[in-house]
Q: 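Before I ask anything, here is the structure I am working with.
Convention: sequence-line order gives letters A, B, ...; per-chain numbering from 1.
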Amino acid sequence: MLQVTASSLPSKSNLYPFQIYKNPTEPAQLLALSLKTATFNHPLISSRLISLYTHSKSTTLDHLRSVFDQFQQPTLFSWNTLIKSYVQNQRSQESLFLFLDFITRSGLMPDVFTLPCVIKACGRLMAVKEGGQIHGLVFKLGFGSDLFVQGSLVGMYSKFKDIGSARKVFDQMTERDLVTWNSLMDGYVKDGEIELAMELFDEMTERDVVSWTVMVDGLSKCGRVDDARKVFDEMPRRNFASWNAMINGYMRVGDFISARGLFDLMEDKDIITWNSMIAGYEHNGRCSEALKLFTELLNLGYVPTHSTLVSTLSAISWSALLSKGRRVHSYMVKNDHKLDGVLGTSLIEMYCKCGSIETALKVFESIPNKKLGHWTTIIAGLGTHGQATLALDLFLEMLKMNVIPNAITFIGVLTACNHAGLVEDGRRYFNMMIKDYQIEPTVEHYGCLVDILCRAGHLEEAKNVIESMPLKPNKVIWMSLLSASRIYKKVEIGEYAAQNVTEIDPNFIESYVLLSNMYAATGNWDKVSRVRDAMRKTGVKKDPGCSLIEYRDEVHEFIAGDKSHPWTREIYHKLSEIRERLKSVGYVPDKSQVLLHIEGDDEKETELESHSERLAIAFGLISLKPGIPIRIVKNLRVCNDCHSVTKHLSKIYDREIIVRDSSRFHHFKHGSCSCMDYW
DNA sequence: CTAGGGTTAG
């Protein structure tokens with residue numbers, strides 16, 4: 001039995017009872033031992049303990065904190081260690097709170113180890129005010145000539161993009177090391193002064209890897225990716241950050257081929273390399289590549305970070321791969337990823353965009369401290385799914401909880417009003433945004449307002465709003481007006497809107513389609529063929545309709561008229577069955593909107609029947625078990641006929657059919673659609 | 001006996 005007591009401590013040989021403990025590998029064992037032997041609050045022992053905790057891989061920061069909280073008189077060393085740990089673990093805010101604690105109640109003064117940590121924390125948090133106060137403290141305590149303290153101030157001001165202050169500190173330093181030079185260079189880069197950064201780079205007598213990387217990063221951030229590559233090639237040595245900076249440079253200009261080339265050349269990669277590739281692919285619309293890399297990194301044993309998951313979820317959202325999304329979600333649950341920040345928002349958005357609004361709601365409800373982003377995402381999601389009442393209820397609940405909405409929240413709110421045809425509410429919230437929250441409406445807000453008015457048939461008023469708004473109306477706004485003109489058969493306004501769209505984007509196919517549909521709806525066949533001629537002349541072609549459906553973990557893609565699917569025979573067989581069942585309930589196909597130049601009625605009917613979503617629905621009916629909703633993602637707007645047919649099918653086959661089109665969700669159930677026939 | 005500031009993704 002060990003016999004170490006507090007009274008025996010002053011003797012140096014007894015200071016380290018741990019050394020006689022066999023295999024002192026577990027800090028927790030040592031902690032227990034020191035508690036038992038009443039040596040726990042000896043300053044040297046507590047310091048050593050906390051240091052052991054920081055070096056132990058198994059411990060978490062929260063555990064470290066609980067140990068720290070038991071010390072009666074933490075040493076300066078213990079304070080410093082804990083503050084540093086918070087900064088290193090990206091919990092800078094808590095480190096500043098702890099620092100405040102330290103200043104007010106420790107009775108100690110910060111030293112040259114404390115200050116760089118908290119200065120770094122201020123930089124990370126963009127805490128300009130606090131940073132200035134700490135700078136004042138540095139001055140008062142006389143650390144004006146400490147290399148580390150001053151160097152970290154240069155770094156902090158660089159992060160604030162306050163290059164003037166950074167330069168001032170830099171100029172006052174009596175000696176400067178490489179790190180300080182690098183910080184200042186990065187400050188110039190962040191300030192957009194690439195030339196000045198390069199001058200500094202040339203002035204430097206000593207350059208290690210970081211200096212070069214800052215230049216690669218700086219050049220690629222201002223679009224000079226070729227110059228960045230030159231620097232990259234000239235570098236005497238490179239580390240992960242250098243490669244990653246170059247990869248991101250290529251990704252930024254959309255050159256994912258070159259980015260991939262570098263990625264494949266790398267023998268070793270770090271998780272940021274993978275994150276850069278996944279985020280890059282995702283930004284460039286190459287979602288399937290992004291997802292492939294995610295699977296690959298897991299197989300290779302890399303541990304995804306929050307950013308990995310955010311980018312991956314985003315790629316899943318765009319491709320609407322619900323089953324993949326569910327798998328990532330379960331990975332997150334198993335690995336205890338917290339949903340309190342952006343990650344929670346991404347998860348909610350993924351479920352919304354993949355058509356599972358119920359799960360999105362469940363995730364939302366499970367988040368304990370809901371932030372503005374969570375509220376905004378679920379409100380917008382419910383809006384696009386046609387659940388306006390719930391969306392607006394949640395908005396009011398959010399206000400009750402004193403969460404302040406921003407411009408994006410109001411887009412969601414207005415979208416919800418729009419989908420439910422709530423004209424008065426829409427106007428009211430638009431004004432509330434301006435008056436109560438001092439938010440300047442953007443084009444998007446006006447777009448929502450115009451859409452709300454259009455949907456309710458107030459086309460003249462919508463036109464007035466467009467003409468009197470202080471911003472230049474964009475394509476989307478004119479498209480809402482055009483779309484409404486088609487539904488309300490207001491040819492004159494429709495032509496006016498179409499003309500404006502064409503002025504903004506002469507090659508925008510959707511406007512021709514809508515215009516032609518409007519003419520068709522009003523029996524104006526001459527003009528239908530004139531639009532067709534115009535399309536032929538400008539050379540714009542209608543994107544082929546394309547629908548996706550997931551089955552057994554694979555995406556099945558159907559293009560209009562597609563006969564390449566292995567189940568084609570069964571699918572067309574199902575389609576003829578569908579035709580019969582539709583006939584038996586008295587359904588007459590709506591051939592008015594067939595855009596292709598087809599003469600015969602039967603041919604027109606065949607054209608409609610081979611629309612991509614029909615193929616996908618037929619495949620869904622064959623392959624998916626009864627009771628499972630059929631989820632389809634479509635690239636274009638749903639045509640009138642498909643919309644009516646799908647409503648019938650949801651009743652005839654007693655199936656929920658969820659279709660995501662280019663701007664909203666249609667939930668078909670018991671013969672009706674959540675969009676209330678306006679889209 | 002132990003400790004600090006600079007680059008890359010989101």
Q: Hey, does A:Val214 reach any base, or is it just sugar-phosphate, or nothing, if we go heavy atoms under 4.0 Å?
A: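 Since only primed, P, OP1 and OP2 atoms lie under 4.0 Å of A:Val214, the category is sugar-phosphate.
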
Q: Rounded off to whole Å, could you give me the NE2-to-P distance for the A:His135 and B:dG5 pair?
A: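 So the NE2-P distance, A:His135 to B:dG5, works out to 18 Å.
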
Q: It should be established whether A:Lys221 places a side-chain nitrogen or oxygen under 4.0 Å from OP1 or OP2 of nucleotide B:dT7.
A: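 So the side chain of A:Lys221 is outside the cut-off, no N or O lying under 4.0 Å from OP1 or OP2 of B:dT7.
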
Q: Give a yes/no answer on whether the side chain of A:Lys84 brings an N or O atom under 4.0 Å of OP1 or OP2 in B:dA3.
A: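 No, because none of the side-chain N or O atoms of A:Lys84 sits under 4.0 Å from OP1 or OP2 of B:dA3.
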
Q: Determine whether the side chains of A:Asp255 and A:Ser258 contain a donor N or O and an acceptor N or O closer than 3.5 Å.
A: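 Yes.
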
Q: Decide if atom CG of A:Asp233 counts as having more than 12 heavy atoms of other residues, nucleotides or ligands within a radius under 6.0 Å.
A: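 Yes, because the 6.0 Å sphere around CG of A:Asp233 holds more than 12 heavy atoms from other groups.
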
Q: What about A:Thr114: does its side chain form a donor-acceptor pair under 3.5 Å with the base of B:dG4?
A: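 Result: no qualifying N/O pair found.
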
Q: Output the rounded distance in Å from CZ (A:Arg252) to P (B:dA9).
A: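 Those two atoms, CZ and P, are 6 Å apart.
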
Q: Tell me whether the OP1 or OP2 atom of B:dA3 has a side-chain N or O from A:Gln88 closer than 4.0 Å.
A: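 Negative; the distance criterion is not met.
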
Q: Measure the distance from CD1 on A:Ile247 to P on B:dT7 and round it to the nearest whole Å.
A: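 Distance, rounded to whole Å: 19 Å.
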
Q: Without decimals, in angstroms, what is the distance between A:Met185 CE and B:dT8 C1'?
A: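 A:Met185 atom CE is separated from B:dT8 atom C1' by 14 Å.
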
Q: Taking the six-membered ring for Trp, is the centroid-to-centroid distance between A:Trp274 and A:Phe294 below 6.0 Å?
A: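 That pair fails the under 6.0 Å test.
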
Q: Can you check the A:Asp217 CG to B:dG10 P distance for me, whole Å?
A: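 To the nearest whole Å, that distance equals 11 Å.
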
Q: Measure from CD1 on A:Ile271 to C1' on B:dA9 and round the result to the nearest Å.
A: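 Rounding to the nearest Å, CD1 of A:Ile271 and C1' of B:dA9 are 10 Å apart.
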
Q: Using a 4.0 Å heavy-atom cut-off across all strands, classify A:Lys269 as base, sugar-phosphate, or nothing.
A: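 Nothing, no heavy atom under 4.0 Å.
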
Q: Rounded to whole Å, how long is the line connecting atom OH of A:Tyr86 with atom P of B:dA3?
A: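 These atoms are roughly 20 Å apart.
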
Q: A:His337 and A:Tyr331: side-chain donor and acceptor closer than 3.5 Å?
A: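 No, A:Tyr331 and A:His337 have no side-chain donor paired with an acceptor closer than 3.5 Å.
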
Q: With heavy atoms under 4.0 Å as the rule, sort A:Ser183 into base, sugar-phosphate or nothing.
A: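 Sugar-phosphate only.
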
